[in-house]
Amino acid sequence: MLRIAVPNKGSLSGPAAEMLHEAGYQQRRESKELRIVDPENEVEFFYLRPRDIAIYVSSGRLDIGITGRDLLIDSGADAEEILPLGFARSTFRFAAKPGTAETIADLKGRTIATSYEGIVTQHLAEQGVDASVVHLDGAVETAIELGVAEAIADVVETGTSLRNAGLEVFGEPIMKSEAVVIRRTGADGEEPKVQQFLRRLQGVLVARTYVMMDYDCRVEQLEKAVALTPGLESPTVSPLHNEGWVAVRAMVPAKEAQRIMDDLYAIGARAILTTAIHACRL
């Protein structure tokens, strides 16, 4: 069986379970379950702390795992990203009290507090900045107020919590993270069960990104309509009973669907419908 590590809690857990369910895999019914077997799909899921998943995968005891790009890099484990999943996105930034620093170079000789020591240490080394890094678990905003550090490096979403603590971000982002599928570095990337798993998740990603659009239009407007809805390869075009009319079907980006419907209507298309895509293979 394919042995897969899945986050057991935190912001990664719920979306990961939802995506796996959409991909046709059984998922646990109770949060206390640490392992389940999906015999129909020949998969065994292990529910682990997100921070530990890269370590388990790198050991070779588990074939692949779902974790955060940040946690993968921070772990220093011998594992690699093979598929971004598009959820749990975050940005890592430096922050300090106003006037402390404007660029990363200004951190030379200073102390930085973070929960992601591996990421920050690697980034400082890549930038050639010699600074001290202090590891703290949990919220790090108070580290500056209590004199533990002169700057922090943390996940920044809206920046509200930083502003409330009297801090401001500076410099370029350290990294952008999201949920990813990982495997042990150098593992067989063509293993059939792994490829099937990845195709299923890719199918979910496409299904979430696109909708199917159907509409009718006059033959003389078909080229304009096709230009608006080119589809992935090309749209399906079928003649209607009424002469001079055709029915068109194509996949379009979900976020652009309303604008495309307006544009189609403007050139004379009618009976314009969109439907959700629940699964696909490209």
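- Summarising the local packing, CG of N164 is surrounded by more than 12 heavy atoms from other residues, nucleotides or ligands at distances under 6.0 Å.
- We find the SG-CE distance between C280 and M251 to be 5.5 Å, quoted to the nearest 0.5 Å.
- A donor and an acceptor atom, one from each side chain of E191 and Q195, are nowhere located under 3.5 Å apart.
- The backbone N or O of A54 sits nowhere less than 3.5 Å from a side-chain atom of S75 that would complete a donor-acceptor pair.
- What you find for Q26 and I36 is that their closest heavy atoms are O-CD1, 3.5 Å.
- Taking the ring centroids of F92 and Y116, they lie under the 6.0 Å cut-off.
- In this structure E150 satisfies the side chain to side chain donor-acceptor pair (under 3.5 Å) test together with R110, sequence neighbours excluded.
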Kindly determine whether L162 and I152 satisfy side chain to side chain contact (heavy atoms under 4.5 Å, CB included), including the steps that lead there. CA-CA 10 Å; L162 292 177; I152 65 170; 3.7 Å; yes
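- A donor-acceptor pair is defined here as one N or O able to donate and one able to accept, closer than 3.5 Å; such a pair exists between the side chain of T114 and the backbone of A153.
- To the nearest 0.5 Å, the span separating OG1 on T236 from CE on M212 amounts to 8.0 Å.
- Between the side chain of S234 and the backbone N or O of P230 there is no donor-acceptor pair closer than 3.5 Å.
- The environment of NZ in K193 is crowded: more than 12 heavy-atom neighbours from other residues, nucleotides or ligands sit within 6.0 Å.
- By the rule that hydrophobic residues join a cluster once side-chain heavy atoms approach within less than 4.5 Å of another member, V6 and L198 end up as members of one cluster.
- The heavy-atom pair separating A151 from I144 by the smallest distance is CA-CD1, 3.8 Å.
- Within the 4.5 Å cutoff, the side chain of L240 has heavy atoms near those of the D216 side chain.
- Between S90 and K176, every side-chain heavy-atom pair lies at or beyond the 4.5 Å cut-off.
- Hydrophobic clustering (ILVMFWY, side-chain heavy atoms < 4.5 Å, transitive): V43 and M19 are in one cluster.
- Proximity of a side-chain donor or acceptor of Q127 to a complementary backbone N or O of L124 within less than 3.5 Å is not detected.
- From I112, atom CD1 reaches atom CG of D154 across 12.5 Å, with rounding to the nearest 0.5 Å.
- T185 and D78 share a donor-acceptor pair across their side chains, judged by distance under 3.5 Å alone.
- Counting only heavy atoms from C-beta outward, the side chains of T91 and R93 approach each other to under 4.5 Å.
- Rounding to the nearest 0.5 angstrom, the gap separating the CD atom in E256 from the CG atom in D262 is 12.5 Å.
- E220 has a carboxylate O that lies under 4.0 Å from a charged side-chain N of R218, or vice versa, which qualifies the two as a salt bridge.
- Side chains of L48 and N8 form no contact here, defined as non-hydrogen atoms less than 4.5 Å apart.
- Checking side-chain atoms of D214 against main-chain N and O of T274 turns up no donor-acceptor pair under 3.5 Å.
- Residues E80 and I182 form no side-chain contact, since every pair of their non-hydrogen atoms from C-beta on lies 4.5 Å or further apart.
- Salt-bridge annotation for R35 and E44: present, with a side-chain N of the basic residue lying under 4.0 Å from a carboxylate O of the acidic one.
- In terms of heavy-atom proximity, P84 sits nearest to L205 at O-CD1, 3.6 Å.
- Side-chain atoms of L20 and L201, non-hydrogen and from C-beta on, do get closer than 4.5 Å to each other.
- When atom types are taken as modelled, the side chain of D74 and the backbone of D70 share no donor-acceptor pair closer than 3.5 angstrom.
- At a threshold of 4.0 Å, the pair R3-D63 does not count as salt-bridged, since none of the basic side-chain nitrogens sits closer than that to a carboxylate oxygen.
- Between I4 and the choices V57, I64, V181, L62, the side chain to side chain contact (heavy atoms under 4.5 Å, CB included) rule is met once, by I64.
- Without hydrogens or angle criteria, R270 side chain to C217 main chain gives no donor-acceptor distance under 3.5 Å.
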Side chain to side chain contact (heavy atoms under 4.5 Å, CB included) for H123 and M175? Distances and angles first, verdict last. CA-CA 9 Å; H123 185 69; M175 69 168 295; over 6 Å; no
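- In the displayed structure, R29 atom CZ is contacted under 6.0 Å by at most 12 heavy atoms of other residues, nucleotides or ligands.
- In the hydrophobic clustering of this structure, L232 does not group with V237; members are Ile, Leu, Val, Met, Phe, Trp, Tyr whose side-chain heavy atoms approach within less than 4.5 Å, directly or through other members.
- A donor-acceptor pair is defined here as one N or O able to donate and one able to accept, closer than 3.5 Å; no such pair exists between the side chain of T229 and the backbone of G231.
- Without hydrogens or angle criteria, S13 side chain to G10 main chain gives no donor-acceptor distance under 3.5 Å.
- Between R200 and E22 there is no salt bridge, since no side-chain nitrogen of the basic residue lies less than 4.0 Å from a carboxylate oxygen of the acidic one.
- Within the 4.5 Å cutoff, no side-chain heavy atoms of L282 are placed close to those of Q202.
- Contact between H21 and Q27 at its shortest, heavy atoms only, is N-CG, 4.3 Å.
- A single hydrophobic cluster is seen to contain both V204 and L85, as judged by linkage of ILVMFWY side chains at heavy-atom distances under 4.5 Å, directly or through other members.
- Contact record, L264 with L228: CD2-CD1, 3.8 Å, taken as the closest heavy-atom pair.
- With a 4.5 Å cut-off on side-chain heavy atoms, T103 and F170 do not count as touching.
- For the pair R28 and F45, the cation-pi test (distance below 6.0 Å, angle within 45°) is failed.
- Atom CD of E40 has 12 or fewer heavy atoms from other residues, nucleotides or ligands within 6.0 Å.
- Under the 3.5 Å distance criterion, the side-chain polar atoms of E42 are left unmatched by any main-chain donor or acceptor of D38.
- Once rounded to the nearest 0.5 Å, the distance linking OG of S31 with OH of Y47 reads 11.5 Å.
- To the nearest 0.5 angstrom, D130 atom CG is 11.5 Å from L107 atom CG.
- Contacts classified as ring-ring contact (aromatic ring centres under 6.0 Å, His included) and involving residues 190-231 (residues at least two apart or in different chains) are given here: Y25-F197.
- Cluster membership for M261 and L222, using ILVMFWY side-chain heavy atoms within less than 4.5 angstrom, is shared.
- The shortest non-hydrogen separation linking I53 to G65 is CG2-CA, 4.1 Å.
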